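Below is one structure. I have some questions about it.
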Amino acid sequence: QVQLVDSGGGLVQAGGSLRLSCAASGRSLSNYAMGWFRQAPAKELEFVATITWGSRYTYYSDSVKGRFTISRDNAKNTVYLQMNSLKPEDTAVYYCAAAQSISPFGNGLALDRQNCDYWGQGTQVTVSS
């Protein structure tokens, strides 16, 4: 049984930074693409970032490109999301996810939430203005 545990959320002022972590247990996810989604109150789940198993490919939503960085450490079975220059509109519950494939999205490839095999429980990020 695979478990993904999200952590690192919190309250931060606009312009600040946070680093989210997603630790996997139960089996190695080194052959899985990993990524982050987020859901703000009264809004749909939104793709944020994805990274392939070998970290050779990353892709970001336009709303976070240039501010967020996704990375992974397969030895630790962990994926990270470094979030800089945070804005109030980044406030949401952030979820990590894992999938065996990525799909066309925008101008690149990304996790498709319908194809994700595993999900974290979510971690709240609140950015104050």
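Only this structure's heavy atoms are used, side chains among them; waters, hydrogens and symmetry mates stay out. This one's a predicted model, so the numbers in the text were calculated from it and none came from an experiment.
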- Message: Quick check: do Asn77 and Leu29 have side-chain heavy atoms less than 4.5 Å from each other?
- Response: yes
- Query: Side chains of Trp36 and Val79: does their closest heavy-atom pair fall under 4.5 Å?
  - Reply: yes
- Message: Is it the case that over 12 heavy atoms from other parts of the model lie below 6.0 angstrom from the NZ atom of Lys65?
- Response: yes
- Query: Can you tell if the side chain of Phe68 reaches within under 4.5 Å of the side chain of Asn84, non-hydrogen atoms only?
  - Reply: no
- Rounded to the nearest 0.5 Å, how far apart are CD of Gln121 and SG of Cys22? 8.5 Å
- Message: Students often mix this up, so state it plainly: with edges at 30° and 60°, are the rings of Tyr32 and Tyr118 parallel, tilted or perpendicular?
- Response: tilted
- Would a 4.5 Å heavy-atom cut-off, applied to side chains only, mark Arg67 and Lys87 as touching? yes
- Within-4.5 Å side-chain heavy-atom neighbours: Ser63 and Glu89: no
- Message: Evaluate Phe47 against Ser61 for side-chain contact (heavy atoms from CB on, under 4.5 Å), listing each step before the verdict.
- Response: CA-CA 7 Å; Phe47 164 77; Ser61 67; 4.2 Å; yes
- Just do the side-chain contact (heavy atoms from CB on, under 4.5 Å) check on Thr91 and Gln124 with the steps written out, would you? CA-CA 8 Å; Thr91 295; Gln124 176 71 47; 4.0 Å; yes
- Task: Would you confirm whether Gln1, through its side chain, and Gly26, through its main-chain N or O, come within 3.5 Å as a donor-acceptor pair?
- Result: no
- Query: Mind checking whether Ile70 and Met34 have side chains closer than 4.5 Å, heavy atoms only?
  - Reply: no
- Spacing of CD1 belonging to Ile102 relative to CD1 belonging to Ile51, to within rounding of 0.5 Å: 10.5 Å
- Starting at CG of Asp117, measure out to CH2 of Trp119 and round the result to the nearest 0.5 Å. 10.5 Å
- Task: Spell out, as yes or no, whether a donor-acceptor pair under 3.5 Å connects the side chain of Thr50 to the backbone of Tyr59.
- Result: no
- Query: Can you check whether Tyr57's main-chain N or O pairs, donor with acceptor, with Thr52's side chain at less than 3.5 Å?
  - Reply: yes
- Item | Heavy-atom pair with the smallest gap, counting every atom of Val125 and Met83 | CG2-CE, 3.8 Å
- Can you list the residues that meet the ring-ring contact (aromatic ring centres under 6.0 Å, His included) rule with Tyr60, with sequence neighbours excluded? none
- Message: Are Val48 and Val12 linked, directly or through intermediate hydrophobic residues, by side-chain heavy-atom contacts shorter than 4.5 Å (ILVMFWY only)?
- Response: yes
- Asn115 and Ser103: which non-hydrogen atoms are nearest, and at how many Å? ND2-OG, 3.9 Å
- Message: Are the side chains of Phe37 and Leu111 in contact, using a 4.5 Å heavy-atom criterion?
- Response: yes
- Task: Search all heavy atoms of Leu45 against all heavy atoms of Arg113 and return the closest pair with its distance.
- Result: CB-NH1, 3.3 Å
- Task: Kindly indicate whether the side chain of Gln82, heavy atoms from C-beta on, has any atom under 4.5 Å from the side chain of Ser71.
- Result: no
- Note on the structure: On a heavy-atom basis, the closest approach of Gly9 and Thr123 is N-OG1, 3.0 Å
- Is Leu109 reachable from Phe105 through a run of I, L, V, M, F, W or Y residues, each pair having side-chain heavy atoms under 4.5 Å apart? yes
- Six-ring centre of Tyr95, Arg38 cation under 6.0 angstrom, axis tolerance 45°: no
- Item | Heavy-atom pair of closest approach, residues Ser129 and Ala14 | CA-CB, 4.4 Å
- Query: Okay, side chain of Ser21, backbone of Tyr80: is any donor-acceptor separation there less than 3.5 Å?
  - Reply: no
- Measure across Ala98 and Leu4 and return the closest heavy-atom pair with its distance rounded to 0.1 Å. N-CD1, 4.2 Å
- Query: Does the side chain of Thr78 come under 3.5 Å of the side chain of Asp73 through a donor N or O and an acceptor N or O?
  - Reply: no
- Query: So, Asn74 and Arg72: side-chain donor and acceptor under 3.5 Å apart, yes or no?
  - Reply: yes
